[in-house]
Structures are given as C-alpha cells and as structure tokens.
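Please read the structure below before turning to the comments.
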There are 2 protein chains.
Amino acid sequence: MRASEQIETAAADPFDALLGYHLRRLSVLVMADLTASLAPLGLKPADASILLALHSDSGMTQSDIGRRLGIQRANMAPLMAGLMQNGLVEKQAVDGRSQAVRLSRAGQAMHRQVLGLMAEHEARMFASLTPAVRQRLAKQLKALWQVIQQED
Amino acid sequence: MRASEQIETAAADPFDALLGYHLRRLSVLVMADLTASLAPLGLKPADASILLALHSDSGMTQSDIGRRLGIQRANMAPLMAGLMQNGLVEKQAVDGRSQAVRLSRAGQAMHRQVLGLMAEHEARMFASLTPAVRQRLAKQLKALWQVIQQED
DNA sequence: TATTGTTATACTCTATAACTATA
DNA sequence: TATAGTTATAGAGTATAACAATA
C-alpha cells in the first residue's frame, strides 16, 4: 500500500461503509422527488401506492390494502376517505363489516397518470444506472427486505 | 415467450420495477433496527451520526455538523443540548458566535460503543450479502445520492 | 449583510388505544 | 373471540420564521 493510499484510508468517510446510512439518505431524496412529482395530481405517495395496489388486485378490503402496503388500519381510514371524496375509488359491501374497494373510472384514469409520472420520476432519479443495473438493484433491495422481514 | 411466462409477466407485482419503493421500504426496516440497536445507549440515530461525524472531523461547529449530515440548524440545537447534557461533547469558543464541538472522553467511549453496535446492526441486516456485494451496493447508493443531489 | 445559535411553532407521518358492529 | 372500520390522540422527525448577537 502506498503512503497516499494509507492516508486516504485513514481519512475515509466514516459513513462510507454504512449501507444503512446510504439507503436512508437516498430514500429521503427520492421520496421528496416523488412527493413533488405527484403533487400536481393532488396525491401523496401513499395515495399513489394504494392506486397501484388496487389496479393490481381489485376488490381488496382496505385492511387488505393496509397489510399489503404496511399501512396501519387506523391510518388507512383517512387515506381511503380522501380517495373516496375525490371519486377515485368505490366501495362495495362484501358482508356487514367488509367492503371491496375498486378503482372508479376516474381512479383508473388517475392510475394511468400516476404510472406516467412515476415512470418519469424513476427515470429522473435513476438515469445514471443502466436498465440492467437498475433491475438488479431493485431485485437486491426487494430480496433484502424479504430476508430481514422474515427474520424480525 | 411461453404462455406461463406471459402469465407471470401479466401478474407481475406493480412495485417490482419501482426502485424508489424498495429503497424506502428497506430503509424503514433498517432504520427501525438501528433505532432499537442504539436505544440501550440512550441514543437516537441522529445522535449517533453526530458522534461519528465529530470523531472524523473534530472541532466542527454545530452548523458545520448540520450541513454535513443534512440536519437543519434549528433542529441541531436540541440535539446538541442533549449530547452536552449527557457529557458526550464539549464546546470551545472559536469567536463570539461559533463554538468548536469535540467529543469528550465520555463521548469517545460512547463513540466506540456506537461503532460496535452499528457493526452488529449492519451485520444483522445485511448478512445475506457477501462483503463484496455489500460494498458495491454502498458505493452505488452513495454515487446515486451524489448525482441526484447535484442535479436538484 | 451574512452567519451562529436559539426559540417557537406547524406539519406530516406513524403508532397506540379504545370503541362499534359484525363474523 | 377475532376482525373491519373508525375516531381520537400522542409521538417523532422535520420545516419555516423570527430573533439576538456577532462577523
């Protein structure tokens, strides 16, 4: 090891090796851009994620959606109320206590808008990565989450 | 493309391609574990990050630390007050309005404890990655942050 | 004029507890 | 007993604005 390398090693950024730090910092930055991207539609990231989930699995109850997205029941109530008020989702009674939630026609149109804005958002954030690297990264992060989640 | 693949494609998780979603979800999980890891020391992640920064660059003002870590001046005040009250840092007047902040002897000992707990934390979170992959990932995330940050 | 440090404050997100109605 | 949905509320983290003291 050359002296200059040794010096660089000694002066290494103490956060360089902390994967968690970089995860967090990048996540904050990306979330801020996503929030700004969705604002013109009058949606927050949580709203958009509900639209994506509903488009994929129509007819889930709002408790199902919460479990799927990691949002607590108590916090789902005002989120769903907002989407209902904007006419983006419709509820249909399943039994006396459960309601199947579906995207309304307006909700389907909004979903398409969300897909477009999120694609632009992801392209803007991750333009420096090749599609292959981007895909590998997404798979790695998802797999990591699954491993850790299972352990807990 | 075989029919089975087509079906799988059609049923693909709508979040699979969203790097930002996986970043966020994993970050939340990792931060929760870090918070729990540091709790026995009476520290929050923000406190620990300040100790790491100060160990690396002793004598920074608290405004310097805030800029370094992305913490606002107004929010640095109570954080520093807490560290002072626990005797972990010491201030030394630079001029009439600035004070150089350094780790006290207790702060240095605490820093060593933090390093140990954070190493365990990272090992626990990222045990499924080889050291090489882990390092590559950290570098990729740091580089991504730098690129995006510069654009903003 | 700009910067340091501080206080007050507001806003968002998330977490917990309690309640009802129903299964 | 357990679950769906709701309400109220508390906490943490972060943001802005304003101020005094100093550069």
Side-chain angles (χ1 to χ4, degrees), chain A residues 20-21 23-36 38-39 42-50 54 59-85 89-102 152, chain B residues 20-21 23-25 27-39 42-50 54 59-85 89-102 152:
Chain A
Y21 182 79
L23 268 172
R24 157 87 170 155
R25 198 170 60 154
L26 181 56
S27 167
V28 167
L29 209 55
V30 170
M31 280 296 290
D33 185 88
L34 177 61
T35 301
L38 295 171
L43 299 179
K44 300 282 181 63
D47 301 312
S49 70
I50 292 172
L54 277 177
M60 283 193 285
T61 68
Q62 76 181 52
S63 290
D64 290 334
I65 301 170
R67 276 186 290 268
R68 167 71 194 277
L69 297 175
I71 303 173
Q72 310 247 354
R73 284 185 308 286
N75 298 326
M76 280 300 297
L79 285 171
M80 292 304 306
L83 295 176
M84 282 290 290
Q85 201 159 12
V89 300
E90 295 167 344
K91 293 183 176 177
Q92 183 182 354
V94 171
D95 58 33
R97 65 181 179 187
S98 297
Q99 292 169 300
V101 184
R102 299 180 205 284
D152 91 352
Chain B
Y21 181 79
L23 267 172
R24 157 89 170 152
R25 196 170 62 154
S27 166
V28 166
L29 209 55
V30 171
M31 280 296 289
D33 186 88
L34 177 61
T35 301
S37 299
L38 295 172
L43 299 179
K44 299 282 180 65
D47 302 313
S49 69
I50 293 172
L54 277 177
M60 284 193 285
T61 67
Q62 75 182 50
S63 289
D64 290 333
I65 301 171
R67 277 186 291 269
R68 167 72 194 277
L69 298 176
I71 303 174
Q72 310 248 353
R73 283 185 308 289
N75 298 327
M76 281 300 297
L79 285 171
M80 292 304 306
L83 295 176
M84 284 289 290
Q85 202 159 11
V89 301
E90 295 167 343
K91 293 182 176 177
Q92 182 182 354
V94 171
D95 59 32
R97 65 179 178 188
S98 297
Q99 292 169 301
V101 184
R102 298 179 206 285
D152 92 356

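Letters A, B, ... mirror the listed sequences (proteins, then strands); counts begin at 1. The figures that follow rest on heavy atoms only: side chains count, while hydrogens, waters and symmetry mates do not.
Nucleotide D:dA15 holds its C1' atom 14 Å from the CD1 atom of B:Ile71, rounded to whole Å. When the P atom of D:dA4 is taken as reference, atom CE of A:Met60 falls 13 Å away, rounded to whole Å. Rounded to whole angstrom, the span from the CD atom of A:Gln92 across to the P atom of D:dA4 amounts to 18 Å. Atom CE in A:Met31 sits roughly 14 Å away from atom C1' in D:dT14 (whole-Å rounding). The distance from atom CZ of A:Arg68 to atom P of D:dA4 is 17 Å, rounded to the nearest whole Å. Rounded to whole Å, atom P of D:dG13 lies 15 Å from atom CD of B:Gln72. Atom CG in A:Leu79 sits roughly 13 Å away from atom P in C:dT12 (whole-Å rounding). One can place CG of A:Asn75 at 14 Å from P of C:dA17, the figure rounded to the nearest angstrom.
The line from CG of A:Leu69 to OH of B:Tyr21 is 5.0 Å long, rounded to the nearest 0.5 Å.
In terms of modelled atom types and a separation under 3.5 Å, the side chain of B:Ser98 and the main chain of B:Val94 share no donor-acceptor contact. Judged purely by atom type and a 3.5 angstrom limit, A:Asn75 has no side-chain atom pairing as donor or acceptor with the backbone of A:Gln72. A:Asp47 contributes a side-chain N or O that, together with a main-chain N or O of A:Lys44, makes up a donor-acceptor pair within less than 3.5 Å.
Side-chain N/O atoms of A:Lys91 include none lying less than 4.0 angstrom from OP1 or OP2 on D:dG5.
The shortest distance between side-chain heavy atoms of A:Arg24 and B:Val30 does not fall below 4.5 Å.
Relative to the side chain of B:Arg97, the nucleotides C:dT3, D:dA4, C:dG5 differ in distance, and C:dT3 lies closest. In the set C:dT14, C:dG5, D:dG13, the nucleotide with an atom closest to the side chain of A:Arg24 is D:dG13. Side-chain proximity of A:Ser98 to the nucleotides D:dG5, D:dA8, D:dG13 is greatest for D:dG5.
Comparing A:Pro45 and B:Ser63 against DNA chain C, the residue whose closest nucleotide sits nearer the 5' end is B:Ser63. The residue among B:Ala74 and B:Arg67 whose nearest nucleotide of DNA chain C is located toward the 5' end is B:Arg67. Taking for each of A:Asp64 and A:Val28 the nucleotide of DNA chain D with the nearest heavy atom, the 5'-most of the two is the partner of A:Asp64.
For A:Asp95 against D:dA4, a side-chain-to-base donor-acceptor contact under 3.5 Å is absent.
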